[in-house]
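Right, one structure below, let's go through it.
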Amino acid sequence: MELTEQEIFRRNAAEEIRKLGIDPYPAAQYEVNANAADILANFEREKGDYQDISIAGRIMGRRIMGNASFAEIQDQTGRIQLYIKRDEICPGDDKTIYNTLFKKLLDIGDIIGVKGYVFITNTGTISVHVTSLTLLCKSLRPLPVVKIDSEGKAHDVVSDPELRYRQRYVDLIVNPQVKNVFKQRAQIISSMRNFFNERGYLEVETPILQSIPGGATAKPFITHHNALDIPLYMRIANELYLKRLIVGGFDAVYEFAKDFRNEGMDRTHNPEFTQMEIYVAYKDYEWMMQMTEELLEKIAIDLYGTSIVPCGDHTLDFKRPFQRIGILDAIKEHTGDDVANMDEDELRKVCQKHNIHVEASMGKGKLIDELFSAKCEKHYVQPTFIMDYPVEMSPLTKKHRSKPGLVERFELMVNGKELANAYSELNDPVEQRLRFEEQMKLAARGDDEAMTIDNDFLRALEYGMPPCSGIGIGIDRLAMLMTNNASIQDVLFFPQMRPETF
RNA sequence: GACUCCGUAGCUCAGCUGGUAGAGCAAAAGACUCUUAAUCUUUGGGUCGUGAGUUCGAUCCUCACCGGGGUCACCA
C-alpha cells in the first residue's frame, strides 16, 4: 500500500522522536487523576483544587503562537484545552521538548499525558496549565478534523456512512454524540438487568451453536463442526433452551442473546442482532403485558427521567398502561375486512385485493401476518399490544383460553415496528408435537423458514413444564427507539458490511 | 434480488454542454508567550472507485464491475 505524504511525515516524526531518546509507544502506565468533563463541571477558581492533576487524551487541535501554545485534548469524557508554555515545560536551557517534540513532531491524533494545574484563561476558558508533557502514542494516520465555530456550528463533519461504520473508531473519535448513543444502549441493558435481578430472575447462557435451529421462523447460518463432523446452525433464537431450563426447575430465566438470521439487511435488520428473552413460570401473557409495561416505563425513566421519549417526528410515551387490540380487530379496523372465520383461499383473495404479494407456500397464519404487516403495523406509533394471533402462525404458543382458533400471544408495536413478541407458552407435549408436524408440512410446501421438529425439546415437555410466559425483546430496536436513531447501524458498533479490499 | 442516487487531495466539498482539476481544513517551511473555526507568509499533495467502449481527446457520455446510501422485495 502506497503511503500518503502525511503518513510518511508521521512515520518520519516517529523516527525523529526515537532519535531524541523518546519512545513513541512507551510501555509504562501513565497515572491519571482527572478527566475533562469533571474539570469543566467542577472547577472553581476560589476553591484552589485541581492544582496537581494528571490527565491523558488525544490531541484534537493545536494553536501554536511561538513560545506558548494552546491545544485541545479529548479523553473519554470530553475535550479540554491545554495551555503549554515553553519555559514551563522546559525550565532549563534545553527547549527540545517544546521546540522539537511538541511543535514539530506531535500531530493531531497523537495521545499524550500532561501534568499541571487547572486555571481560567483571560478569555474565560477553563484550561490545564501544563507543566510536563509525555507522549503516550504517536498516531501515523491523519485524523479528520471537525471544527466547531463560535456559534457552535460544526464544520467538515464526518458523515459518510461507509467511513463511519467501517472505521467506527474514527467515528467515535470525531463524532462525540456517537459515543453517547452507545452509553445509552449500555444503560438500557443495565436497566433491564437490574429490573430482572431485583426480582430474583436468573441470568443464564445457552448454546449459540445448535444442531436444530429452533424457537423462531427464520433462515439460519450453517456451519460445520470438524471434530464431530456434523453441521451446526447459529441460533435464530434461544427460546427452546430457556424453556428446557424452566422444565429443569428454574422459575425465571433470562438471557441477552446474540441471534443470527441469514436474511436480508436493511435499516432495521442486521444479520446478527441481540434479543433479550425471558421466561417466567406460573405466569401467562396477561401478566407478561404488565411486566413489559413496567419494564419499558422504567427504561425510559432511567434514561430520560420521564416516560416520554423523542422519536423522529413523534413523541413516544411509555407510560403504563399501553393500548391493546386483537390482531383480527386491527385488520378489520384498517382494511374493513373481517378475516376472523376465513379459510386460506378467502384470505388469499383478501390479500390480493389489497395488492399484497402472496405465494403458494403461504399458509393461513402467514397470510394474516402479511395482511397485518402491510396494512396495520405502521399505524401503531405509541406502544400498543397486538394480541391473540391465529394458531397457524404461532407454533409454540398455548391456545387461547376462550377464543377458538387463536393463541395467547402478543406483539408490542412501537413506532410502527415490532419491538417484542410474547406468549403463554405451550406446555402440552402432545399438542406441541402436532404443531411441529404442521410446520413440517409447511416446509414440505416450500416454506424454508418453517420450524423443524425438536425431539429433545418435546421430551423435555413430556417431563412437564409449568405453565409459563415468555417474551423476546429486540434490543437493537429498543436502542433505536430510545436513542432516536432510524437505522440499526447507528446502534451497533460494527454493523455488517461487505468485506473491504485493501 | 430490483430500482435509484452517490464515489474527485488525509477530511468536507466545488468543478467541466467532453480539452486530464480547484477551495477550506489537515500537512510541510517560516513568524508569533492568552488562543479558541487562532492569525499571517510560502509550499507540497490527485492514474477524479476499477475496467472497457464512443471520441482527435473522457473526471464528465455509454456499458460492465466494485463499494456505499435510499426505496421496494425478502425478513418478525
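In what follows, chains carry the letters A, B, and so on, assigned in the order in which the sequence lines appear, proteins first and then strands, with residues in each chain numbered from 1.
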B:C65 and B:C3, which share atom name P, separated by this distance in whole Å
11 Å
For A:Arg267, which contact category applies under a 4.0 Å heavy-atom criterion: base, sugar-phosphate, or nothing?
sugar-phosphate
What contact category does A:Val157 fall into here, base, sugar-phosphate, or nothing, at under 4.0 angstrom with non-hydrogen atoms?
sugar-phosphate
Determine the Euclidean distance between corresponding C1' atoms of B:G45 and B:A2; express it in Å to zero decimal places.
42 Å
For a quick check of understanding: with a heavy-atom distance under 4.0 Å over all strands, which category does A:Arg141 fall into, base, sugar-phosphate or nothing?
nothing
Do A:Arg18 and A:Glu15 sit within salt-bridge range, that is, some charged N less than 4.0 Å from a carboxylate O?
yes
Touch check for A:Ile64, heavy atoms < 4.0 angstrom, all strands: base, sugar-phosphate only, or nothing?
base
Can you see if the side chain of A:Lys147 gets near the phosphate of B:G24 - specifically, an N or O under 4.0 Å from OP1 or OP2?
no
Could you tell me whether A:Glu255 and A:Arg235 make a salt bridge, using a distance below 4.0 angstrom between a side-chain N and a carboxylate O?
yes
Base, sugar-phosphate alone, or nothing: which one does A:Tyr389 contact when heavy atoms must sit under 4.0 Å apart?
nothing
Does the pair A:Arg63/A:Glu72 count as a salt bridge with the N-to-O cut at 4.0 Å?
yes
Could you let me know what B:A37 is paired to, Watson-Crick or G-U wobble, both distances under 3.5 Å, or none if it's on its own?
none
Which nucleotide, if any, forms a Watson-Crick or G-U wobble pair with B:C61, using both distances under 3.5 Å?
B:G53
With heavy atoms under 4.0 Å as the rule, sort A:Asp107 into base, sugar-phosphate or nothing.
sugar-phosphate
Please tell me which of the listed nucleotides, B:A28, B:U33, B:C25, lies nearest to the side chain of A:Asp156?
B:C25
Between the side chains of A:Lys258 and A:Glu272, is the shortest nitrogen-to-carboxylate-oxygen separation below 4.0 Å, so that they form an ion pair?
yes
I'd like the C1' distance from B:C75 over to B:U17, given in whole Å.
46 Å
Over all strands shown, is A:Asp160 touching base, sugar-phosphate only, or nothing at heavy-atom distances under 4.0 angstrom?
sugar-phosphate
Choose from B:A29, B:A27, B:C74 the nucleotide whose nearest atom is closest to any side-chain atom of A:Gln6.
B:A27
May I ask you to say what A:Ala218 touches in the nucleic acid, namely base, sugar-phosphate or nothing, with a heavy-atom cut-off under 4.0 Å?
sugar-phosphate
Describe the nucleic acid contact of A:Arg164 in one word from base, sugar-phosphate, nothing, applying a heavy-atom distance below 4.0 Å.
nothing
Would the distance check show the side chain of A:Arg79 and the main-chain N or O of A:Ile73 forming a donor-acceptor pair, the cut-off being under 3.5 Å?
no
Compare side-chain N and O positions of A:Arg498 against OP1 and OP2 of B:G67 and report whether any pair is under 4.0 Å apart.
yes
Given B:G67, B:U33, B:C13, the nucleotide with the shortest approach to the side chain of A:Asp87
B:U33
If you measure from the P atom in B:U8 to the same atom in B:C61, how many Å do you get, rounded?
15 Å
Select base, sugar-phosphate, or nothing to describe what A:Glu411 touches, counting heavy atoms under 4.0 Å on all strands.
base
Contact class for A:Thr4 (heavy atom, under 4.0 Å): base, sugar-phosphate, or nothing?
sugar-phosphate
Do the side chains of A:Lys353 and A:Asp337 get close enough for a salt bridge, i.e. N-O under 4.0 angstrom?
yes
Could you tell me the Watson-Crick or G-U partner of B:C25, where both distances fall under 3.5 Å? Say none if there is no partner.
B:G10
Is A:Arg63 close enough to B:U35 that one of its side-chain N or O atoms is under 4.0 Å from OP1 or OP2 there?
no
If you look at every strand shown and take non-hydrogen atoms under 4.0 Å, does A:Gln489 touch a base, only sugar-phosphate, or nothing?
sugar-phosphate
Write down the partner of B:A2 under the Watson-Crick or G-U wobble criteria, each distance required to be under 3.5 Å.
B:U71
Any A:Arg166 side-chain nitrogen or oxygen under 4.0 Å from OP1 or OP2 of B:G68
yes
